[in-house]
Amino acid sequence: MAGKYDNLFLTYDGKQDFPLGKVVQRFNSDDIPDSNSYYMHWYVPGDYSADEFQVGHPPHSHEAEEIIFTMGIDPKNPTELGAEIEFTMGEEREKYIITKSTAIFIPAGVPHGPWRIKSVDRPFLFLMVEQSKTHTNTWRVDLMSEEDKKKMDWSLWEGGERF
């Protein structure tokens, strides 16, 4: 039975898995007109090697505001993430360690990253909400150390092939 709102229900096809996580859903205004950009995936123990992913998600910025949610899934203790993430904000690369369920508001144009997964003891969910119709990304290679530039595997990152 076809419904008036069928186009607003998306079932993820599983074809766009992130290098380090299993995608739950990913869509923007190309998929649902007037929608913002959303991206959710799982991080699961054993799905990656912290040694292989030393550099993390490279520094970048977006044209619109972004909100990142890290969500623990233990219903008895939902504030505990079950992981340790190192996250860097701003031109000065201020570091934050995330071990709890956390929401991060990132103003438009503010560089952020690397996002480094240090450990994953339990699965957790990652949700990115970009307050724009499509995902924008400006790599900030100028904020990377020379050591990280040498280690970076740009094939993992959309648009990173040019570096």
Side-chain angles (χ1 to χ4, degrees), residues 12 16-26 28 36-132 134-163:
Y12 188 67
Q16 296 177 338
D17 276 350
F18 183 67
L20 302 176
K22 302 293 182 198
V23 173
V24 175
Q25 190 56 267
R26 183 178 193 170
N28 61 31
N36 284 335
S37 182
Y38 301 93
Y39 180 45
M40 178 182 267
H41 67 268
W42 286 101
Y43 278 103
V44 179
D47 269 5
Y48 74 97
S49 164
D51 292 334
E52 292 172 10
F53 196 61
Q54 294 173 24
V55 179
H57 190 292
H60 61 285
S61 62
H62 305 286
E63 293 174 11
E65 294 79 10
E66 178 181 35
I67 305 168
I68 293 175
F69 297 89
T70 58
M71 297 169 281
I73 62 166
D74 180 353
K76 293 181 181 172
N77 199 353
T79 64
E80 290 300 320
L81 188 59
E84 181 178 323
I85 301 163
E86 180 184 282
F87 187 65
T88 307
M89 288 281 292
E91 298 275 343
E92 59 280 290
R93 302 184 68 202
E94 190 169 304
K95 286 185 186 177
Y96 295 85
I97 302 298
I98 301 167
T99 59
K100 303 278 187 186
S101 294
T102 301
I104 307 165
F105 178 83
I106 304 167
V110 171
H112 51 286
W115 164 275
R116 289 185 172 110
I117 305 291
K118 297 301 213 175
S119 65
V120 179
D121 301 321
R122 292 188 303 279
F124 71 92
L125 287 170
F126 169 93
L127 171 64
M128 182 276 304
V129 177
E130 193 170 340
Q131 301 295 302
S132 65
T134 58
H135 180 68
T136 64
N137 200 42
T138 301
W139 295 115
R140 292 296 309 270
V141 178
D142 59 304
L143 298 178
M144 294 177 73
S145 69
E146 290 304 317
E147 180 182 353
D148 281 352
K149 286 178 189 177
K150 290 176 185 172
K151 292 179 188 175
M152 177 55 63
D153 179 357
W154 282 105
S155 70
L156 299 174
W157 308 105
E158 184 178 346
E161 305 83 26
R162 66 183 179 273
F163 298 109

Can you tell me how far [atom2] of [Y] sits from [atom1] of [X], rounded to the nearest 0.5 angstrom?
X: Arg93; Y: Met144; atom1: CZ; atom2: CE; answer: 8.0 Å
X: Met152; Y: His57; atom1: CE; atom2: NE2; answer: 9.0 Å
X: Arg122; Y: Asp74; atom1: CZ; atom2: CG; answer: 5.5 Å
X: Arg26; Y: Met128; atom1: CZ; atom2: CE; answer: 7.0 Å
X: Leu127; Y: Met40; atom1: CG; atom2: CE; answer: 4.5 Å

Show the nearest heavy-atom pair for residues [X] and [Y], with the distance to one decimal.
X: Val120; Y: Tyr43; answer: CG1-O, 4.2 Å
X: Phe124; Y: Ala83; answer: CE2-CB, 3.5 Å
X: His135; Y: Asn28; answer: N-ND2, 4.3 Å
X: Pro45; Y: Pro123; answer: CD-N, 3.7 Å
X: Glu130; Y: His62; answer: OE2-CB, 3.6 Å
X: Lys95; Y: Thr88; answer: CG-OG1, 3.9 Å

* State whether the side chain of His60 and the backbone N or O of Pro58 hold a donor-acceptor pair below 3.5 Å, judged by distance alone. => yes
* Taking the side chain from Ser37 and the backbone from Ser132, do they hold a donor-acceptor pair closer than 3.5 Å? ->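 No.
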* Going through the checks in order, is the side chain to side chain contact (heavy atoms under 4.5 Å, CB included) test met by Trp115 and Ile68? -> CA-CA 11 Å; Trp115 164 275; Ile68 293 175; 4.1 Å; yes
* To do: Give a yes or no on this: more than 12 heavy atoms of other residues, nucleotides or ligands lie within 6.0 Å of atom CD of Glu63.
  => no
* **Among Phe105, Phe69, Tyr39, the one residue meeting side-chain contact (heavy atoms from CB on, under 4.5 Å) with Val129** => Phe69
* **Sidechain N-carboxylate O distance under 4.0 Å for Arg140, Asp142** =>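 Judged by the 4.0 Å cut-off on N to carboxylate O distance, Arg140 and Asp142 do form a salt bridge.
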* Asked: When you check the gap from the basic side-chain N to the acidic O, do Glu86 and Arg116 get nearer than 4.0 Å?
  -> yes
* **Stepwise side chain to side chain contact (heavy atoms under 4.5 Å, CB included) test for Gln25 and Tyr38** => CA-CA 8 Å; Gln25 190 56 267; Tyr38 301 93; over 6 Å; no
* To do: Output, in order, the C-alpha distance, side-chain angles, deciding distance and verdict of side chain to side chain contact (heavy atoms under 4.5 Å, CB included) for Trp42 and Leu125.
  => CA-CA 5 Å; Trp42 286 101; Leu125 287 170; 3.6 Å; yes
* Just wondering, do Met89 and Ile106 contact through their side chains at under 4.5 Å, heavy atoms? ->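 Ile106 reaches Met89 side chain to side chain.
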* Could you walk me through whether Glu66 and Val110 pass the side chain to side chain contact (heavy atoms under 4.5 Å, CB included) check? -> CA-CA 10 Å; Glu66 178 181 35; Val110 171; over 6 Å; no
